[in-house]
Amino acid sequence: AQSVTQLGSHVSVSEGALVLLRCNYSSSVPPYLFWYVQYPNQGLQLLLKYTTGATLVKGINGFEAEFKKSETSFHLTKPSAHMSDAAEYFCAVSDGANSKLTFGKGITLSVRP
Amino acid sequence: GAVVSQHPSRVICKSGTSVKIECRSLDFQATTMFWYRQFPKQSLMLMATSNEGSKATYEQGVEKDKFLINHASLTLSTLTVTSAHPEDSSFYICSARDLEGTEAFFGQGTRLTVV
């Protein structure tokens, strides 16, 4: 069985500050890892994904994440927060292509002016 | 990227009636679609996996007779909430995997309110 842990429910940063959203996973097979963003009353938009290959993955809107197998982590970062980054962020894991996604509980990012 | 269109975005229905939600992959074929339910301030809970041309696979605790799923073509899956009750009020989201299966594309979601 797979699981995703996103510690905390809310992160608040100042505009221009570093964004760090943590994600740890549990999987019995090499995982596929994803970060999604959700704005109010909307579906999910993929920020980035890791399947195989390079462990540092760059996504849209300046976000990136690094797969660290030894730490079973896939933390999401952005060097400089923008007001438009305020949203709900979900980390997810699957055990391969065409497999269902297991989501973390999500974390709300607030950006202060 | 691929587009998944979900309709309607909002629906209000009376208790006891049925509501159908459509999920379409607009520019790709999706042999597998997924239906999720999301409560306020919570994560997405997988309800069922919809496979084209076969019966859906429901997650434990999800009533298959209440949440009817049909995946009649490679671009369309529907979720019908039958005999709706206020506790069925929620945000329902569908997703479809691309042909490689490595990425899931999500619909915009449907806000269902049962009164």
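Here the side chain of B:S43 pairs a donor or acceptor atom with the backbone of A:G104 at under 3.5 angstrom.
Heavy atoms of A:F90 lying under 4.5 Å from chain B belong exclusively to its side chain. Heavy-atom distances place the side chain of B:Q38, and not its backbone, under 4.5 Å from chain A.
Within 6.0 Å of NZ on B:K66 lie more than 12 heavy atoms contributed by other residues, nucleotides or ligands.
Between B:R97 atom CZ and A:S94 atom OG the span is 5.0 Å, to the nearest 0.5 Å. Note that OG of B:S95 is 6.5 Å distant from CG of A:L101, once rounded to the nearest 0.5 Å. Interatomic distance, A:N41 CG to B:R10 CZ, rounded to the nearest 0.5 Å: 5.0 Å. The distance from the CD1 atom of B:I93 to the CD atom of A:Q42 is 10.5 Å, given to the nearest 0.5 Å. Rounded to the nearest 0.5 Å, atoms CZ (B:F106) and CD (A:Q45) are 11.5 Å apart. A distance of 6.5 Å separates CD of A:Q38 from CG of B:L44, quoted to the nearest 0.5 Å.
Residue B:L112 is not grouped with residue B:Y36 when hydrophobic side chains (ILVMFWY) are merged at heavy-atom distances under 4.5 angstrom, including chains of intermediate members. Note on A:L47: it clusters hydrophobically with A:I107, by side-chain heavy-atom contacts below 4.5 Å among ILVMFWY residues. Criterion: ILVMFWY side-chain heavy atoms under 4.5 Å apart, direct or through other members. Under it, A:L21 and A:I60 are part of a common hydrophobic cluster. A:Y50 and A:F34 fall into different hydrophobic clusters, where Ile, Leu, Val, Met, Phe, Trp and Tyr residues are linked whenever their side-chain heavy atoms come under 4.5 Å apart, directly or through other members. There is no path of hydrophobic side-chain contacts, each under 4.5 Å, that joins A:L76 to A:Y32.
Ranked by non-hydrogen atom pairs under 4.5 Å with chain A, the options B:G109, B:S9, B:A104 are led by B:A104.
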